[in-house]
Amino acid sequence: MTIRLYDTSARQIRDFTPLVPGCVSIYLCGATVQAAPHIGHVRSYLNFDIARRWFTYRGLDVTFIRNVTDIDDKIIGKSGEQGRPWWSIGYENERAFNDGYNALGCLPPTYEPRATGHVPEMIEMMRGLIERGHAYEADGSVYFDVRSFPGYLELSNQNIDDLRQPDEGVSGKRDPRDFAMWKASKPGEPDWETPWGRGRPGWHLECSAMAHKYLGSAFDIHGGGLDLIFPHHENEIAQAKAYGDEFAKYWMHNAWVTLSGEKMSKSLGNSVLVSEMLKVWRPIVLRYYLGTPHYRSMIEYSVESLREAESGFARIEGFIQRVIEKAGGSVEPAAEVPPAFAEAMDDDLGVPQALAIIHTTVRQGNSALAADDKDAAIARLSEVRAMLGVLGLDPLDPHWAGETDRGEDLHGAVDTLVRLVLEQRESARARKDWATADAIRDQLQQSGLVIEDSPTGPRWTLGPR
């Protein structure tokens, strides 16, 4: 067994060999909590949740760090706009992010450090970088000297002479390309005491310091969205390696969710909030939609593509339900996934190819049901559950227990009404009044219900939107 991953720094797929045999250490850049999450935000953690599950399936012990950036320029700006404390905005949105992760079945991280809880570690790193000649203080701020680090920009493959850093609203740089590690205090802004005066952290310093604290000087995988490669990840590397850390051995970056060809973002005003999406779509369907494309492929958001995902997952759920009825009880997941599924997942987490194996197995199971081959149908369901479990999509998993499209109370009321109508249809069929029976079925289907005749009687489900 060899897992292979696309390493952004190497620009190729590499065999994954963990630093510590049998263990995997992952640092994922988490939320900057200035606003509630859109589906582009949760896609990143969802992709790495699937990676984590696959590592675990392969017998590796995973340490997963996902930070929270709870102080930065955007949060301070929101505080001024809303007339609320910065920490109130941060905490409210941090909870919204966690609610979204939990709703989509993401496993909690091993640790979830907040930036504001690690100022001492940041001070220690800045002190070491200043002593080594890689950083300097100016007007109460601390800057990293990018020309002091020869490996700067190797991740993004840029030329330093062509580089322009974003305007950070600070002064005193020796070179305009130097970036702020610490920003001097301004009136009305939160600040902390340091040997260079009061101020607050720079965005890049936070992650370098927290990765060092929780994973040590070297770890296996650093992850995040494509938009973080520069400047954030480049600056993290410069700080950490100049400090003396080996830092990340592999770099993994997930692609975006786009809308009309543009990256989904708050600043563009094209966000689709998770909280609003969950009012319309089942969480497990949203996970299927966001989690089944390859993590390095863009997802162009549309209602039509969500409907297609809903229909695709409904075919899987329908098969599961039919086999459970045929078996007369629960069917446990297989101990191992099929070899073709494992091969796809080992190859840079090839979820689309793995999903194709799931749908092929479902078709085989449906053929077994049609042939009244109970044992074969149960065997295929056992395999399907094992594969879905790796993707966090097994509808029989306790996490999804009780999940319904419209709520338990509404489902029960609709079930009672539909069964009354189905009894009328059965009566029409019994007296061979086929026209009335077909008319009842057609009216139910026009209402969004799918009626299926089974050996145990008619069964209804909600059709796709």
Side-chain angles (χ1 to χ4, degrees), residues 3-18 24-32 37-55 62 64-69 97 101 106 109 151-158 163 166 179 203-204 206-208 210-211 215 218-241 246-259 261-268 290-301 345-352:
I3 298 174
R4 306 182 74 234
L5 300 172
Y6 184 85
D7 180 6
T8 306
S9 61
R11 297 173 187 82
Q12 63 181 348
I13 294 178
R14 299 172 54 200
D15 289 353
F16 176 68
T17 305
V24 182
S25 48
I26 304 172
Y27 186 94
L28 175 66
C29 285
T32 299
H38 56 64
I39 57 174
H41 290 127
V42 297
R43 183 197 180 181
S44 180
Y45 189 51
L46 179 53
N47 287 153
F48 283 91
D49 180 68
I50 292 172
R52 174 190 187 173
R53 289 170 183 265
W54 185 244
F55 288 134
V62 182
F64 197 112
I65 311 301
R66 182 188 68 206
N67 77 294
V68 176
T69 298
F97 270 87
Y101 298 143
C106 294
Y152 192 57
L153 300 180
E154 288 183 354
L155 181 67
S156 57
N157 197 29
Q158 297 184 82
L163 178 66
F179 61 87
W203 176 30
H204 317 300
E206 300 171 352
C207 286
S208 296
M210 288 187 284
L215 297 177
F219 56 96
D220 291 306
I221 297 171
H222 196 311
L226 283 174
D227 52 318
L228 299 182
I229 294 175
F230 180 83
H232 186 49
H233 288 163
E234 285 285 14
N235 293 352
E236 278 189 66
I237 292 170
Q239 292 164 151
K241 290 194 172 183
E246 295 180 35
F247 212 50
K249 187 177 179 182
Y250 299 84
W251 286 85
M252 294 177 64
H253 291 91
N254 64 276
W256 304 328
V257 178
T258 60
L259 186 59
E262 294 187 271
K263 172 180 173 284
M264 192 168 287
S265 68
K266 302 183 188 76
S267 60
L268 290 175
L290 294 172
T292 51
H294 194 274
Y295 75 94
R296 291 192 287 118
S297 298
M298 298 291 183
I299 299 176
E300 174 67 12
Y301 169 78
M345 293 297 291
D346 282 340
D347 186 12
D348 194 30
L349 304 173
V351 175

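Below, each value reflects all heavy atoms present in this structure, side chains not excepted, and no hydrogens, waters or symmetry copies.
Scanning all heavy atoms of the two residues, the minimum distance from A10 to R14 falls at CB-CD, 3.7 Å. Here the closest heavy-atom approach between residue I229 and residue T8 is recorded as CD1-CG2, 3.9 Å. For M345 against I50, the heavy-atom pair with the smallest separation is CE-CG2, 4.0 Å. L226 approaches H253 most closely through the heavy-atom pair CD2-CB, 3.8 Å. Nearest heavy atom pair, residue Y152 against residue E234, reads CE1-O, 3.9 Å. Here the closest non-hydrogen pair linking P37 and V42 is CB-CG1, 4.4 Å.
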List the steps and the verdict of side-chain contact (heavy atoms from CB on, under 4.5 Å) for E236 and L228. CA-CA 10 Å; E236 278 189 66; L228 299 182; over 6 Å; no
Can Y27 and F64 be said to form a ring pair (Phe, Tyr, Trp, His ring centres under 6.0 Å), step by step? CA-CA 6 Å; Y27 186 94; F64 197 112; 9.3 Å; no
Go through the steps to decide whether T258 and E300 satisfy the test side chain to side chain donor-acceptor pair (under 3.5 Å), and finish with yes or no. CA-CA 5 Å; T258 60; E300 174 67 12; 2.5 Å; yes
Might you work through the side-chain contact (heavy atoms from CB on, under 4.5 Å) test for F16 and V24, ending with a clear yes or no? CA-CA 10 Å; F16 176 68; V24 182; 3.9 Å; yes
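With a 4.5 Å cut-off on side-chain heavy atoms, C207 and Q239 do not count as touching. Counting only heavy atoms from C-beta outward, the side chains of L46 and C106 approach each other to under 4.5 Å. No side-chain heavy atom of V351 sits under 4.5 Å from any side-chain heavy atom of P293. Considering only heavy atoms from C-beta on, I3 comes within 4.5 Å of F55 through its side chain. Residues S297 and Y295 form no side-chain contact, since every pair of their non-hydrogen atoms from C-beta on lies 4.5 Å or further apart.
For the ring pair (Phe, Tyr, Trp, His ring centres under 6.0 Å) test, no residue two or more places apart in sequence or in another chain qualifies with W256. Every side chain to side chain donor-acceptor pair (under 3.5 Å) that Q158 has, sequence neighbours left out, goes to S156.
Rounding to the nearest 0.5 Å gives a distance of 9.5 Å between CD1 of I26 and CD1 of I65. Separation of atoms NE2 (H232) and OG (S208) is listed at 7.5 Å; rounding is to 0.5 Å. One finds the CG atom of N235 at 6.5 Å from the CZ atom of F230 (value rounded to the nearest 0.5 Å). For the atom pair CD1 of I39 and CG of L259, the computed distance is 8.5 Å after rounding to the nearest 0.5 Å. Note that CE of M298 and CG of N254 are 9.5 Å apart. Values are rounded to the nearest 0.5 Å. N47 CG to L349 CG: the interatomic distance, rounded to the nearest 0.5 Å, is 9.0 Å.
Remark: the backbone N or O of T69 is not paired with any side-chain donor or acceptor of T32 at under 3.5 angstrom. Under a 3.5 Å cut-off, the side chain of R11 and the backbone N or O of L155 do form a donor-acceptor pair. Side-chain atoms of R296 do not come within 3.5 Å of backbone N or O of H294 as any donor-acceptor pair.
Cation-pi geometry between R66 and Y45 is satisfied (NZ or CZ under 6.0 Å from the ring centre, within 45° of the ring normal).
Note on ring orientation: taking the six-membered ring where Trp is involved, the planes of H222 and F219 are tilted (angle from 30° to 60°).
In summary, D7 and K249 do not engage in a salt bridge, as defined by a charged side-chain N under 4.0 Å from a carboxylate O. A salt bridge between D227 and K263 is present, with a side-chain N of the basic residue lying under 4.0 Å from a carboxylate O of the acidic one. Taking 4.0 Å as the cut-off between side-chain N and carboxylate O, R4 and D348 do not count as a salt-bridged pair.
Side-chain contact check for H233 and H204: no donor-acceptor pair (N or O, by modelled atom type) lies under 3.5 Å.
A 6.0 Å sphere centred on CD of E246 holds no more than 12 heavy atoms belonging to other residues, nucleotides or ligands.
Between F97 and H41, the distance separating the two ring centers is shorter than 6.0 angstrom. Between Y6 and Y250, a ring centre-to-centre spacing not shorter than 6.0 Å is recorded.
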